[in-house]
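The structure appears below as structure tokens.
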Amino acid sequence: MASGTWRALSAAALAAVLTACSSLPGFEPSQRPTKHLDAAPVDDVSVPARGTAWFGASIDWGEDSLARYSRRLGHRPAIAVAFAGFPMTAQERVWTDQAVDQAREEGSRILLTLEPHDGLAAVTVARARSLARQLAGYNRSGVPVVVRFAHEMNGSWYPWGQQPETYVAAFRRVAAAIHTHAAGTAVMWAPNYGGGYPFAGGAHQADPGSGDAMALDTDGDGSVTEEDDPYAPYWPGRRYVDWVGMSLYHWGATYPWGENEVSEQGKFVDMLRGTYDGTAGDELAVPDFYRTYGSAKRLPVAITETAALYVPGGDGADELEIKQSWWEQVLAPGNAAELPWLRMVNWFEWRKVEPEVGGVVDWTATSRADVRAAFTSALPDWLRYGRPRG
């Protein structure tokens with residue numbers, strides 16, 4: 001989910017966004033994955049070396065495949081982003097199995113985002129153990145997995161949102177099961193970027209005066225505001241977390257979104273480091289996510305999804321100009337030294353309807369020939385990919 005877009009959304013718009021973002025990969029049902037007897041089991045959760053990062057993609061599984069994306073990019077992605085509910089339905093299990101099969105063929109890892117849409121009460125010990133056994137099977141078939149469980153929990157748009165104590169308990173339950181039973185799977189903690197917190201108006205906003213609201217009132221002034229810490233109440237503890245992550249997008253300059261606008265210089269790092277004070281507003285109250293949860297805790301940091309907004313046929317700047325202004329920041333050669341704990345970057349390779357815009361947004365970097373050529377030429381040496389092509 002794009003960061004910093006929620007401050008002005010109505011509850012109806014939030015519901016529409018939730019529906020759009022919860023859509024699952026459009027695979028046709030088929031058999032479960034084959035055993036792949038030639039694949040080596042995965043029994044560790046290694047990360048890239050300091051100053052390097054895995055490059056990955058969130059593709060539209062219903063219209064694309066990892067193999068086609070790899071051919072366009074010129075590299076096999078190190079990470080393939082997939083989504084499923086928790087617990088998974090039978091159909092979601094088929095889709096996930098198929099995504100794992102594609103990842104195995106490309107020498108990729110899976111970043112599996114698990115969404116408990118039935119609420120955190122559905123996250124039981126038994127279901128966590130069942131999940132861990134499923135993940136262990138993927139590991140035995142040769143595919144490493146990173147689980148992003150109940151992401152954007154600090155937002156007000158998901159059924160697991162703004163319930164810090166219940167969320168922390170559920171996260172620990174899942175992490176403990178994975179750490180015990182799936183040696184080739186890591187666990188990621190991934191809040192939404194804190195600009196616009198507490199995201200008032202969402203269907204799952206913590207009720208004023210409730211126990212959740214009191215836990216979120218980190219400055220003790222009696223209410224939850226933008227001055228409260230948007231991350232700390234949801235932190236489950238270092239022992240339960242292998243990665244920390246965040247989605248960071250360039251949605252444009254100001255709300256309402258939809259104008260084709262070039263990104264401000266320095267915006268990416270400012271949002272990640274809690275120093276953003278630009279055309280979208282003063283967000284200096286947002287903590288330094290990179291330092292607090294990455295370097296200070298010695299945990300690898302992931303940009304789980306990123307891209308720049310371009311509305312085809314819309315007013316404003318050119319597609320290449322907009323996207324290039326963003327990827328030059330995200331993929332800057334200097335990031336290897338400036339952000340050495342940044343170990344994963346995933347591009348959001350989708351063209352989809354966005355309710356905030358009221359139309360289609362083309363987030364892709366490889367669909368148009370001139371954009372693709374510029375993007376692939378900009379891929380820096382500090383990125384790492386899946387199995388080499390050839």
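Just so it is clear, the values below take in all heavy atoms, side chains as well, and ignore hydrogens, waters and symmetry mates.
Taking hydrophobic clusters as Ile, Leu, Val, Met, Phe, Trp and Tyr residues chained together by side-chain heavy-atom distances below 4.5 Å, Tyr310 does not share a cluster with Val361. At a threshold of 4.5 Å between side-chain heavy atoms, the hydrophobic network of Ile, Leu, Val, Met, Phe, Trp and Tyr places Val360 and Ile322 in two separate groups. Hydrophobic clustering of Ile, Leu, Val, Met, Phe, Trp and Tyr side chains at less than 4.5 Å, counting indirect connections, unites Leu248 with Trp382. Hydrophobic clustering keeps Val42 apart from Leu131 (ILVMFWY residues linked when any side-chain heavy atoms are closer than 4.5 Å, directly or through intermediates). Residue Val187 is grouped with residue Ile303 when hydrophobic side chains (ILVMFWY) are merged at heavy-atom distances under 4.5 angstrom, including chains of intermediate members.
Contact annotation: the side chain of His181 never approaches that of Ser130 to less than 4.5 Å [non-hydrogen atoms, C-beta and beyond]. Two residues are said to be in side-chain contact when any heavy atoms from C-beta on lie closer than 4.5 Å; Gln163 and Leu120 meet this criterion. Annotation: side chain of Gln162 is not in contact with side chain of His204 (no heavy-atom distance under 4.5 Å). Side chains of Val311 and Val357 form a contact here, defined as non-hydrogen atoms less than 4.5 Å apart. Between Tyr193 and Glu283, the closest side-chain pair of non-hydrogen atoms falls below 4.5 Å. Side-chain atoms of Leu299 and Val241, non-hydrogen and from C-beta on, do get closer than 4.5 Å to each other. Within the 4.5 Å cutoff, side-chain heavy atoms of Leu114 are placed close to those of Met88. Inter-residue side-chain proximity for Asp315 and Asn260 is flagged as unmet; no heavy-atom pair is nearer than 4.5 Å.
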Apply side chain to side chain contact (heavy atoms under 4.5 Å, CB included) to Arg72 and Arg68, showing your working. CA-CA 6 Å; Arg72 296 196 306 273; Arg68 289 195 294 271; 4.0 Å; yes
Apply side-chain hydrogen bond (donor to acceptor under 3.5 Å, both in side chains) to residues Thr275 and Asp270 and explain how you reach the verdict. CA-CA 5 Å; Thr275 56; Asp270 283 345; 2.8 Å; yes
Would you sort out whether Glu338 and Tyr290 count as a side-chain hydrogen bond (donor to acceptor under 3.5 Å, both in side chains), showing the intermediate values? CA-CA 11 Å; Glu338 184 179 354; Tyr290 173 86; over 6 Å; no
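Distance alone, capped at 3.5 Å, places no donor-acceptor pair between the Arg148 side chain and the Thr113 backbone. In terms of modelled atom types and a separation under 3.5 Å, the side chain of Arg109 and the main chain of Ala80 share no donor-acceptor contact. Trp350 places a side-chain N or O within donor-acceptor distance of the main-chain N or O of Ser58, the cut-off being under 3.5 Å. Using modelled atom types, one side-chain atom of Arg172 and one backbone atom of Pro236 make a donor-acceptor pair closer than 3.5 Å. Side-chain N or O atoms of Thr376 include one that pairs as donor or acceptor with a backbone N or O of Ala373 at under 3.5 Å. Without hydrogens or angle criteria, Ser325 side chain to Ser263 main chain gives a donor-acceptor distance under 3.5 Å. For the pair Arg384 (side chain) and Trp54 (backbone), a donor-acceptor distance under 3.5 Å is absent. Although no hydrogens or angles enter the test, the distance criterion places no donor-acceptor pair under 3.5 Å between the side chain of Glu106 and the main chain of Arg76. With Asp217 contributing its side chain and Gly220 its backbone, the two residues share a donor-acceptor pair below 3.5 Å. No donor-acceptor pair under 3.5 Å is formed between the side chain of Glu319 and the backbone N or O of Pro312.
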Show which side-chain atoms of residues 226-233 pair as donor or acceptor with protein atoms under 3.5 Å away, not counting sequence neighbours.
| from | atom 1 | to | atom 2 | distance (Å) |
| --- | --- | --- | --- | --- |
| Asp228 | OD1 | Thr218 | N | 3.0 |
| Asp228 | OD1 | Thr218 | OG1 | 3.3 |
| Asp228 | OD1 | Asp219 | N | 3.0 |
| Asp228 | OD2 | Thr225 | N | 2.8 |
| Asp229 | OD1 | Tyr231 | N | 2.8 |
| Asp229 | OD1 | Ala232 | N | 3.0 |
| Tyr231 | OH | Gly194 | N | 3.0 |

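Between Lys267 and Asp277, none of the side-chain N atoms (NZ, or NE/NH1/NH2) sits under 4.0 Å from a carboxylate O, so this pair counts as no salt bridge.
Phe55 pairs by the ring pair (Phe, Tyr, Trp, His ring centres under 6.0 Å) definition with nothing, not counting sequence neighbours. Judged as a ring pair (Phe, Tyr, Trp, His ring centres under 6.0 Å), and not counting sequence neighbours, the contacts of Tyr197 are Phe199.
Using modelled atom types, one finds a donor on one side chain and an acceptor on the other under 3.5 Å when comparing Thr306 with Trp326. Judged by distance alone, the side chains of Glu165 and Tyr234 never bring a donor and an acceptor atom under 3.5 Å apart. Using modelled atom types and a 3.5 Å distance limit, the side chains of Thr366 and Arg372 yield no donor-acceptor pair.
A distance of 13.5 Å separates CD1 of Ile79 from CZ of Arg343, quoted to the nearest 0.5 Å. With rounding to the nearest 0.5 angstrom, the CZ atom of Arg127 is 5.0 Å from the OG1 atom of Thr124. Distance check: Lys323 NZ to Asp318 CG gives 10.0 Å after rounding to the nearest 0.5 Å. The OG atom of Ser108 lies 12.5 Å from the OH atom of Tyr385; values are rounded to the nearest 0.5 Å. Considering CG of Asp288 and CG of Leu272, their distance stands at 7.5 Å, rounded to 0.5 Å. To the nearest 0.5 Å, atoms CE (Met271) and CD (Gln329) are separated by 10.0 Å.
Taking each heavy atom of Glu152 and Ser247 in turn, the nearest pair found is OE2-OG, 4.3 Å. Across all non-hydrogen atoms, the minimal contact from Arg129 to Ala177 is N-CB, 4.0 Å. Here the closest non-hydrogen pair linking Ala183 and Asn139 is N-OD1, 4.1 Å. Nearest heavy-atom pair across Phe86 and Ala128 is CZ-N, 4.0 Å. Closest approach of Ser367 and Asp362 over heavy atoms only: OG-OD2, 3.9 Å. When all heavy atoms are compared, the tightest approach of Pro116 to Val123 is CB-CG2, 4.1 Å.
For His179 and Tyr240, the ring centers are positioned 6.0 Å apart or more. Two rings, from Trp95 and Phe83, have their centers 6.0 Å or more apart. Checked against the 6.0 Å centroid threshold, Phe149 and Trp189 do not count as a close aromatic pair.
With a 6.0 Å radius and a threshold of 12 heavy atoms from other residues, nucleotides or ligands, Asp370 has its CG atom above the threshold.
The aromatic rings of Trp160 and His151 are tilted relative to each other, their planes meeting at an angle between 30° and 60°. Using a 30° and 60° split on the angle between ring planes, Phe171 and Tyr167 fall in the tilted class, from 30° to 60°.
Tested against Lys352, the residues Glu354, Glu356, Glu349 include a single salt bridge (Lys or Arg N to Asp or Glu O under 4.0 Å) partner, Glu354. Exactly one residue among Asp101, Asp97, Thr96 makes a side chain to side chain donor-acceptor pair (under 3.5 Å) with Tyr138. That residue is Asp97. Test Trp363, Tyr249, Phe375 against Trp347 for ring pair (Phe, Tyr, Trp, His ring centres under 6.0 Å) and you get one pass: Phe375.
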